[in-house]
Student: 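Below are the structure tokens for one structure; questions will follow.
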Amino acid sequence: KAGVTQTPRYLIKTRGQQVTLSCSPISGHRSVSWYQQTPGQGLQFLFEYFSETQRNKGNFPGRFSGRQFSNSRSEMNVSTLELGDSALYLCASSPDRALYNEQFFGPGTRLTVL
Amino acid sequence: AQSVTQLGSHVSVSEGALVLLRCNYSSSVPPYLFWYVQYPNQGLQLLLKYTSAATLVKGINGFEAEFKKSETSFHLTKPSAHMSDAAEYFCAVTLGDDMRFGAGTRLTVKP
């Protein structure tokens, strides 16, 4: 079974731009969660989608948004990029509720904001 | 409010020595607890999880963790370290609709 895939793996943007990251979960998994990982703040939960609905949301500004499609693939969008948005963005999938079950993580998208 | 604290951002052990990575949580009710490992340039991989079925949880790669309610701890151990155990380890706690990760502990294994 293929693992979680994230595209692109690396991305460079400038301040003020917007970016869209993509995540394909493991086949059959209905939950997709997104995390931001930075040296200073560590791993922080962004949000979880389950069956196309946002189920949980972390403490991030509205510039961070996401969606999930009927095939469970998910996208995360960040608008009006700031330097502090530079991070590794991890996507994880789970058969059911992410917060109570094993999550399978992708390799991440490394976003650099200049 | 709940939080999770990992004591020691860096731990160094010799190959064959005991590995002990510490995790404490703050919660008024028993949480769900997880240990994940992250190898360089990779995502996280679940080592083990506690869901109140048993206080001693055995995971992959010879790791185990013991839930101690009185100490609000969930420390990760492995009797004998291997070079391949060098990685970053994260403790995570779920309560309700929130999930928090510890700051991580980087484990170095010396030959």
Side-chain angles (χ1 to χ4, degrees), chain A residues 2-10 21-26 29 31-50 53-60 74 76 87-110, chain B residues 1-10 21-25 27 29-53 57-61 63 65 67 74 87-106:
Chain A
V4 177
T5 58
Q6 293 187 245
T7 56
R9 291 293 311 276
Y10 301 90
L21 312 181
S22 181
C23 172
S24 292
I26 291 172
H29 287 191
S31 167
V32 174
S33 297
W34 288 89
Y35 296 85
Q36 182 194 66
Q37 186 176 24
T38 60
Q41 299 296 319
L43 263 165
Q44 294 184 281
F45 170 69
L46 280 156
F47 30 65
E48 179 195 6
Y49 284 86
F50 184 88
T53 301
Q54 187 179 88
R55 183 176 261 174
N56 302 297
K57 190 176 190 303
N59 188 26
F60 276 81
S74 176
M76 189 192 87
L88 180 67
Y89 290 89
L90 293 167
C91 165
S93 76
S94 181
D96 205 327
R97 288 203 70 179
L99 302 188
Y100 297 95
N101 294 284
E102 177 178 7
Q103 296 182 69
F104 296 82
F105 284 78
T109 293
R110 185 163 296 281
Chain B
Q2 60 155 1
S3 66
V4 55
T5 303
Q6 290 184 241
L7 296 176
S9 58
H10 290 87
L21 305 182
R22 301 176 185 274
C23 174
N24 288 87
Y25 67 93
S27 171
V29 297
Y32 279 67
L33 293 158
F34 304 82
W35 274 101
Y36 281 90
V37 61
Q38 186 177 32
Y39 297 101
N41 299 315
Q42 295 185 28
L44 280 70
Q45 179 184 7
L46 181 71
L47 283 174
L48 48 81
K49 69 175 181 180
Y50 168 76
T51 58
S52 76
V57 182
K58 293 188 184 298
I60 62 171
N61 302 338
F63 284 94
F67 173 71
F74 191 57
E88 188 147 21
Y89 293 79
F90 294 91
C91 180
V93 57
T94 291
L95 182 60
D97 292 331
D98 193 12
M99 186 170 202
R100 300 286 180 91
F101 282 81
T105 298
R106 184 167 299 279

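Each chain gets a letter, A, B and so on, in the order its sequence line appears, and its residues count up from 1.
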Student: For a quick test of reading the model, state the closest non-hydrogen atom pair linking A:L90 to B:G43 and the distance between them.
Tutor: CD2-CA, 4.2 Å
Student: Under 4.5 Å heavy-atom distance to chain B, tell me which part of A:R55 shows up: side chain, backbone, both or neither.
Tutor: neither
Student: Which class fits the ring pair A:F47 and A:Y49: parallel under 30°, tilted 30 to 60°, perpendicular over 60°?
Tutor: perpendicular
Student: What residue, out of A:Q44, A:R97, A:E48, has the most heavy-atom pairs lying under 4.5 Å from chain B?
Tutor: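 When all of A:Q44, A:R97, A:E48 are compared, A:R97 has the most.
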Student: Answer with side chain, backbone, both or neither: which region of A:R110 has an atom nearer than 4.5 Å to a non-hydrogen atom of chain B?
Tutor: neither
Student: Of the listed residues (A:G42, A:G108, A:P107), which shares the most heavy-atom pairs with chain B below a 4.5 Å separation?
Tutor: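 If we count pairs closer than 4.5 Å to chain B, A:P107 comes out on top.
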Student: Is a side-chain donor or acceptor of A:S93 paired with a backbone partner of A:V32 at a separation under 3.5 angstrom?
Tutor: no
Student: Select one option (side chain, backbone, both, neither) describing which atoms of A:N101 are under 4.5 Å from chain B's heavy atoms.
Tutor: both
Student: Between the main-chain N or O of B:G104 and the side-chain N or O of B:Q6, is there a donor-acceptor pair closer than 3.5 Å?
Tutor: yes
Student: Which bit of A:L43 is near chain B, if near means a heavy-atom gap under 4.5 Å: side chain, backbone, both or neither?
Tutor: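 Backbone plus side chain of A:L43, per the 4.5 Å heavy-atom cut-off to chain B.
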Student: Please evaluate residues B:T105 and B:R22 with respect to the criterion side-chain contact (heavy atoms from CB on, under 4.5 Å), reporting the C-alpha separation (whole Å), side-chain torsions for both, the decisive distance (0.1 Å), and the verdict.
Tutor: CA-CA 9 Å; B:T105 298; B:R22 301 176 185 274; over 6 Å; no
Student: Testing the basics here: between B:F90 and B:A103, what is the closest heavy-atom pair and its distance to 0.1 Å?
Tutor: CE2-O, 3.8 Å
Student: I'd like to verify something: which residue of A:K57, A:Q41, A:Q37 has the highest number of heavy-atom pairs under 4.5 Å with chain B?
Tutor: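 Answer, by heavy-atom pair count under 4.5 Å with chain B: A:Q37.
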